[in-house]
Every structure is written in structure tokens, then in C-alpha cells.
There are 2 protein chains.
Amino acid sequence: MDPHPTRIALIQAAMQQFGRGGFEAASTRAIAAQAGTNISSIAYHFGGKDGLRIACADAVAERVAQVARPLPGLQDRPDPRHARLLLRRLVRRIVTFMIVTPGASDAVAFVLRELAEPDSPVLDRLYTTLVEPRHRALCALWSAATGEPAEAEEVKLAVFSLVGQAVYFRVAAPIVQRRMGWRHYARAEARAITRRMLTNLDRMIGGGDG
Amino acid sequence: MDPHPTRIALIQAAMQQFGRGGFEAASTRAIAAQAGTNISSIAYHFGGKDGLRIACADAVAERVAQVARPLPGLQDRPDPRHARLLLRRLVRRIVTFMIVTPGASDAVAFVLRELAEPDSPVLDRLYTTLVEPRHRALCALWSAATGEPAEAEEVKLAVFSLVGQAVYFRVAAPIVQRRMGWRHYARAEARAITRRMLTNLDRMIGGGDG
DNA sequence: CCGAAAATCAATCAATCGATTGATACACGA
DNA sequence: TCGTGTATCAATCGATTGATTGATTTTCGG
């Protein structure tokens, strides 16, 4: 079916192992073994380990671009109530994607590892294609919901605060689960996190029903 | 002066390099070189690379234990206004520590790397000595400020949301700085982040002056 | 000044790393 | 039945990894 099954298997395996212990910790042999192919396939398809890293970044960017569709009601200026509704829906989507979507955990872990690396060769790619446009869109919505200017420092930091919470629930999953007495992130746990984050969102925006 | 200068230099260098690219990415040779000593000093002082890892975790735990002193006004049940004041002070302290304190950046990066690692050998140590007691204290304060029971699921998640924001501003520093147009985290930037986080705290707690 | 313990050194070990090689299997048009 | 390009394979390369060794230097009580 797929035109490049080995290529995709390699990306998937690499994304998982890169996300686990970092880029350097993952060996090409282990990646190839998990993908069910030979080591030299990496060089053949991607030119090397670094090429595989870039391919992972592109795969994430493409996937997110598909999931995070053009937000309805962003082209025109939505009224505050509508903006708040869209923000709530987005928070639901983000948390669901990060917590419960199968395979997304690996992608999130991979991205976070790259973001934390001071001189990651794919950081630029991830920022321009993944971080900035989404952050801008969220700022626009936040602006519409609160009336503050979209590119104000306060708004940008507020949006970072919001997504930072979701990111933390993923990156610190072992700790959160242990403290909460959870054995994993499943539907019930995702619901609890979503509820808390929606509460935070409403209160941070203010003015509404809290 | 110091009874173990080489030991301390090794821990400091290791913490930095472990935090940069992860545990496996850091080579013992590079660590020893940065510490200005020989490779075999690692084996002599810590038994090996893993021992150095544990020593780093202990060093962080001890340092945080010193910085995060017993919170004043926690033994008795503070009234809501006092609790909110203590929470605000703690948020200031956390952000300052994470953003601006020299050397703390390495420690934070190291801890986060360990927390993200699924099967880190020092995760247990870090959790029991570092995460849990602080989280419990924050939950108690949150409870006193809001009236909710301290060990309620909602309270625990709220505290995680709060610290998650601060953690994110550190772990995603390259992204945040780029989006904000900042060249680094200095006093002015830390102040902006602190202000936003205090606003978030006030609104999340609710009931107060916002 | 001496001798033992503490600490550091250069040198080397087997193991593993990413990359490369030449051979091989397969599909497809001439 | 060729010839060609794609894709994977086992085998091997030099380099680097963490660990270890034995010698050397430093420290300090007697």
C-alpha cells in the first residue's frame, strides 16, 4: 500500500527512541531493529542519522498541520464569547492529542527533546512550521476573548502559560501519575486534566462564568 | 577550602552536560575535561558514570532543600489572605530560581531530563526528596487559600498546572525567547514572566483582587 | 624526613557507535 | 532473457564509548 513502508517504519521507530532518551542515546541499530530492517536502510533513505532526525521533525510538523486544521472562525474577528468557545475547544483538542492519542506521546516527547536541546539542528524547522503559527493563532483568539492586543507581551506570555501546562502534563507524566495515584493516562485521567485546564482557561481569561 | 574540589567540579560539569543533551549524550571524557581532571577520577569518586548521575540528583535535592526553606506560616492553618500571600511569594521564588539564578538553569535542565526519561534510575530519588514534599506544601497552601480540601484531585492538578507553567518557561526557553523577541532570560524578562504568573495565580485562585 | 593513604595521571581494554562497502534479491521495460 | 534501477542484506571500517589498570603525585600524621 504505502510507497515507502520501510521509510515510515524507520521514522516511527526513530521518533519513539529519540523521544525516550534523546537523540544521541538512540542507536541506529536499535532503530533499524525496531523498524524491522537493516542499519544501512537509514543511510539509504535519509543519508544518515541526522537525516533521520530531520525527517522526524518534518513528519511531526506535517502531522500536526493535518490535525490542527484551519481554525473555524479565525479569519474574521470573533466576538469574545465565540473566541472563548474556540479556545475551550482548542484546549480540549490539545490535551486529548497530548495525553490520549496513541503515538502522539512519542511525537510530543520527540519535539520537547529537540526544544530542550540548546543547538538542535531541527529547532528552527520546528519553530517556524509548528510553534509560531499555532502560537499566533492562539494569541489572536486570546485577544478576541479578552480585548487585549494580540501581539502584546502579556497575551503572548499568557498563551505560553496555557500551553505550558499541557506540555508539562506530558513531559512530567511519570511524576504527575505517581502523585495522582494514576497508573497511566487514559480517558478518565485525560478528562480530569482537561477539566482543570478548562477551569484555568476560564479564570485566566476572566470576565466570563469562571 | 573545599574538602572535595574535584568531586564538586565533576558534579557541576556533569549536571550541565547531562542537562544539555541527556545522560547518554554526555561523555565521561568531556565531563572530566570540563571539570579539569582525569577521566578515572569519575570512577574514583563515584564508581562510574551512573554514580555520577546519582550524585547529581542528590546535589540538586540538597540544593533545593536549602533554597526552599520551611515555609513560614505552614505549620498552622493560615487564613486565605495569608495563604495567597505565601503562594505569591513562592511563585516569585520559583520563577526567580528557574529563570535568573546562575547555575540553576543546569540543575533544572538536568532534573527535567531525568523526569522525562521513562526509566531513569534517579527518578525515584528525585520524586520522594524533591517533588512530593514541595507539591504537598503547595497543595496545603492552595487549600488554605481556596478552602478546597488539600488532597483533592482538583487541587493537586491545579498545583501541577501552576508549576508546569514555570517549568515550561525554562524547558522551552529557546522558543519562548524567540517568540518574545528576547535575547536571553535576564532580570527584565524574569520580571515579565513573574508578573504573568502572578496574574494567573490570582485568577486561578479566584475570590481575591484578581 | 618518612611512609602510608588519598588522589590523579597516561595508557589501554573490550564494546559499541555511525557509516560504508560489495553482494544480493526483486521489479519491470526492452 | 537480458539490462537497469531500487532496496535490503551481512560484513566491516575507523572512531569513540565507559571502564580499568598500574604508575605517579600529593597530602599529612608521626
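Naming convention: chains lettered A, B, ... in sequence-line order (proteins, then strands); numbering from 1 in each chain.
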*Any idea how H45(B) and H4(B) line up, ring-wise: parallel (<30°), tilted (30 to 60°), or perpendicular (>60°)?*
perpendicular
*Would you say S40(A) reaches dT20(C)'s phosphate, i.e. side-chain N/O to OP1/OP2 under 4.0 Å?*
no
*asked:* It should be established whether H45(B) places a side-chain nitrogen or oxygen under 4.0 Å from OP1 or OP2 of nucleotide dT8(C).
replied: yes
*Short side-chain N/O contact from S27(A) to OP1 or OP2 of dC17(C), under 4.0 Å*: yes
_I want to check one thing: is the phosphate of dA7(C), taken as OP1 and OP2, less than 4.0 Å away from some side-chain N or O of N38(B)?_
no
_Integer-rounded Å distance: dA7(D) C1' and I42(A) CD1_ = 14 Å
*Angle class for the F160(B)/F169(A) ring planes (parallel below 30°, perpendicular above 60°, tilted otherwise)?*
perpendicular
*Of all the choices, dA19(C), dT8(D), dA19(D), which nucleotide is nearest to the side chain of R29(A) once you look at every atom?*
dA19(C)
*Touch class at under 4.0 angstrom, heavy-atom based, for A25(A) against every strand present*: nothing
*Identify the two heavy atoms, one from T129(A) and one from P133(A), that lie closest to each other, and give their separation to 0.1 Å.*
O-CG, 3.6 Å
*Measure the distance from CG on D50(A) to P on dT20(C) and round it to the nearest whole Å.*
11 Å
*At under 4.0 Å, does any side-chain N or O of T37(A) touch on OP1 or OP2 of dA7(D)?*
no
*So what does A30(B) touch, heavy atoms closer than 4.0 Å: a base, only the sugar-phosphate, or nothing?*
nothing
